[in-house]
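For reference, the structure discussed in these notes is given below.
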Amino acid sequence: MLFKILWGIGIIAITLIITGSQKYLSTRKVWQLGAIVPILSLVVMAVLYFSVKLTLTAEFIVPCAIIIALELLIWVDGRHQHHKSELNRMKAKDIE
């Protein structure tokens, strides 16, 4: 029972760390930094596929596709926020 609770807390913590780092990296000036987390996810999924010898079923493909899609959406949103903040900075300099 305690193991299941700790496992769930660990999964939540790892998810928050990955999401937070993806959000942070995607809002930086260098846009390629946002690609680090999705590429690492693809590498981990490929290693799991080849090392565990998983078959390509919906149980493996759908969660992987959802994870990659969410990471890419976070990357696109972070880039949008970065451009918006740059535009606001330029507008503020024009007003002064």
Side-chain angles (χ1 to χ4, degrees):
M1 178 72 168
L2 181 62
F3 177 73
K4 288 183 181 181
I5 293 172
L6 290 176
W7 181 262
I9 291 172
I11 294 295
I12 291 170
I14 290 170
T15 303
L16 290 175
I17 289 169
I18 291 171
T19 305
S21 63
Q22 174 64 5
K23 188 67 173 173
Y24 174 77
L25 291 173
S26 66
T27 56
R28 300 298 101 198
K29 185 175 182 177
V30 180
W31 65 270
Q32 293 93 342
L33 288 175
I36 292 173
V37 175
I39 290 172
L40 285 177
S41 295
L42 284 173
V43 168
V44 167
M45 290 173 198
V47 167
L48 283 174
Y49 174 73
F50 289 114
S51 67
V52 183
K53 305 286 186 196
L54 294 173
T55 58
L56 287 177
T57 62
E59 291 177 354
F60 180 72
I61 294 174
V62 172
C64 292
I66 291 172
I67 289 169
I68 297 298
L70 289 175
E71 289 173 349
L72 292 175
L73 285 173
I74 291 172
W75 187 14
V76 169
D77 182 53
R79 297 309 309 154
H80 178 70
Q81 285 181 358
H82 174 71
H83 290 300
K84 190 174 179 181
S85 68
E86 288 291 321
L87 187 63
N88 287 340
R89 257 189 246 147
M90 287 190 286
K91 284 181 182 178
K93 285 184 180 181
D94 287 342
I95 292 174
E96 292 177 357

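Along the sequence shown, residues are numbered consecutively beginning with 1.
Linking ILVMFWY side-chain heavy atoms closer than 4.5 Å, directly or via other members, places I18 and V43 in two distinct hydrophobic clusters. Connection of I61 to V52 is established within a shared hydrophobic cluster, with ILVMFWY side chains joined at heavy-atom distances below 4.5 Å, either directly or through further cluster members. When the side chains of ILVMFWY residues are joined at heavy-atom separations under 4.5 Å, either directly or via intervening members, L48 and L56 end up in a single hydrophobic cluster. Hydrophobic clustering (ILVMFWY, side-chain heavy atoms < 4.5 Å, transitive): M45 and L72 are in one cluster. Residue F50 is grouped with residue V44 when hydrophobic side chains (ILVMFWY) are merged at heavy-atom distances under 4.5 angstrom, including chains of intermediate members.
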- Begin from the C-alpha positions of Y24 and L33 and carry the test side chain to side chain contact (heavy atoms under 4.5 Å, CB included) through to its verdict. CA-CA 9 Å; Y24 174 77; L33 288 175; over 6 Å; no
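Within 6.0 Å of NE2 on H83 lie more than 12 heavy atoms contributed by other residues, nucleotides or ligands. Residue E59 qualifies as open at atom CD: its count of foreign heavy atoms under 6.0 Å is 12 or below.
In this structure, the side chain of S85 engages the main chain of H82 through a donor-acceptor pair within 3.5 Å. In this structure a side-chain-to-backbone donor-acceptor pair under 3.5 Å is missing from W75 to L25. For R79 (side chain) and R28 (main-chain N/O), a donor-acceptor pair under 3.5 Å exists by modelled atom type.
Rounding to the nearest 0.5 angstrom, the gap separating the CD1 atom in I67 from the OG1 atom in T15 is 8.0 Å. Atom CD1 in I74 sits 10.5 Å away from atom CD in Q81 (nearest 0.5 Å).
Taking all atoms of both residues into account, the shortest heavy-atom contact from P38 to I68 is O-CD1, 3.9 Å. Across E71 and S41, no two heavy atoms sit closer than the pair OE2-OG, 2.8 Å. A pairwise comparison of heavy atoms in G78 and K23 identifies N-NZ, 4.2 Å as the closest pair. P63 and A58 get closest at one heavy-atom pair: CD-O, 3.7 Å.
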